[in-house]
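Data first, discussion second: the structure below is written as structure tokens.
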2 protein chains.
Amino acid sequence: MGTTKKEIFSKEQNELALQLKAIAHPARIAILQQIISANACICGDLVDELGLAQATISQHLKELKNAGIIQGTIEGVKVCYCIEPRAWKKLQNMLSNFLDGYKGPANCC
Amino acid sequence: MGTTKKEIFSKEQNELALQLKAIAHPARIAILQQIISANACICGDLVDELGLAQATISQHLKELKNAGIIQGTIEGVKVCYCIEPRAWKKLQNMLSNFLDGYKGPANCC
DNA sequence: ATTATTTATCGTAATATTGCGATATGGGCA
DNA sequence: TGCCCATATCGCAATATTACGATAAATAAT
């Protein structure tokens, strides 16, 4: 117990859930917003911007990278993170499919 | 430790994260899809449809209700759950604002 | 009144997440 | 080479999540 029973759900359901979980944290939302707003991609400036320890930021970046949402390229000593365009677009599509499935209130409730 | 440091993030970031967390589980995605596709709202048929124990389904429904995403009305012995239209719309708006902020790849990475 | 049905809640075990200090790693530079 | 710098990783403690059996609560049917 304690583990999500992913065997009983569809590939699509599991995939959407994983992507959403990667994003469903205020620190990771903040990180993504920073990466987006600094239209050039930023690196460990995140540690200064957000009020979290370096180890914590690094861990959040790792999770976003594992989910495929961002990518990092080494630039000398620093690492430059930016959005992975295809994953972002795919997430947008999956979410649209899911959210737009609801066509307003039914005649109950 | 172990707790998310929500004090250091904006109200918007925390709110979006909470809504996403409520949705970021394959069982809850499946539940929402069922509620949507059965355009009349269904009740404990979810227990038959999904392969999870009744207690588990009830718990997931509670989380969705706590997040304000669904609402339940008692119908005799059964309970009828359906989407809360305003919360759904708000989530769509918050997500659009967030996701549409990204305007394609920059000239780095 | 008793019984069956549906849903909620409690308690618990297994596992996952969050955050951070300490420490490693892997470049740049004197 | 030896020393800084930026990141990554390890290990840990606190807390949260997931799943479920057992049980409660509330109505319906007999």
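Order of the sequence lines sets the chain letters (A, B, ...), proteins ahead of strands, with each chain counted from 1.
A straight line from CG of Leu64(A) to P of dA8(D) spans 12 Å, rounded to a whole angstrom. Here dT18(D) presents its P atom at 11 Å from CG of Leu52(B), a figure rounded to the nearest Å. Rounded to an integer number of Å, the gap from Glu75(B) CD to dA28(D) C1' is 14 Å. Rounded to a whole Å, the CD1 atom of Ile31(A) is 13 Å from the C1' atom of dT7(D). For the pair Glu63(A) CD and dA8(D) C1', the interatomic distance rounds to 14 Å; values are reported in whole Å. Distance CG (Asp48(A)) to C1' (dT7(D)): 14 Å, rounded to an integer number of Å. Taking atom CG of residue Leu50(A) and atom P of nucleotide dT7(D), one finds them 13 Å apart after rounding to whole Å.
Using bins of under 30°, 30° to 60° and over 60° for the plane-to-plane angle, the ring pair Phe9(A)/His25(B) lands in the perpendicular bin.
With hydrogens and angles left out, the side chain of Gln54(A) and the base of dA8(D) share a donor-acceptor pair within 3.5 Å.
For DNA chain C, the contact window with chain B, defined by any atom under 4.0 Å from a protein heavy atom, covers dT5(C) to dC20(C) in 5' to 3' order.
Taking the nucleotide of DNA chain D with the nearest heavy atom to each of Val77(A) and Thr56(A), the more 5' of the two is matched to Val77(A). Toward the 5′ end of DNA chain C lies the nearest nucleotide of Gly44(B), the other residue of the pair Gln59(B) and Gly44(B) mapping further downstream. Looking at which nucleotide of DNA chain D each of Gly51(B) and Ala55(A) is closest to, the 5′-most match is held by Ala55(A). For the pair Lys78(B) and Gly76(A), nearest-nucleotide mapping onto DNA chain C gives the more 5' position to Lys78(B).
The two residues Ile35(A) and Cys82(A) have their closest heavy-atom pair at CG2-CA, 3.7 Å. Across Pro85(B) and Gln71(B), no two heavy atoms sit closer than the pair CD-OE1, 4.3 Å. Pairing each heavy atom of Leu99(A) with each of Gln92(B), the nearest pair is O-NE2, 3.5 Å. Smallest separation of non-hydrogen atoms from Ala22(B) and Arg28(B): O-NE, 2.6 Å. What you find for Thr4(B) and Pro26(A) is that their closest heavy atoms are CG2-CG, 3.8 Å.
Ser58(B) comes within contact range of at least one nucleobase, with a heavy-atom separation under 4.0 Å.
The nucleotide whose nearest atom lies closest to any side-chain atom of Tyr81(A) is, among dT15(D), dT7(D), dG21(D), dT7(D).
Looking at residues two or more places apart in sequence or on another chain, you find a side-chain contact (heavy atoms from CB on, under 4.5 Å) between Gln33(A) and Ile29(A), Gln13(B), Phe98(B).
Checking Lys90(B), Lys21(B), Lys6(B) one by one against Glu15(B), the salt bridge (charged side-chain N to carboxylate O under 4.0 Å, His left out) holds for a single residue, Lys90(B).
No side-chain heavy atom of Thr56(A) sits less than 4.5 Å from a side-chain heavy atom of Leu50(A).
For the contact set between residues 9-28 of chain B and DNA chain D, defined by any heavy atom under 4.0 Å, the members are Lys21(B), His25(B), Arg28(B).
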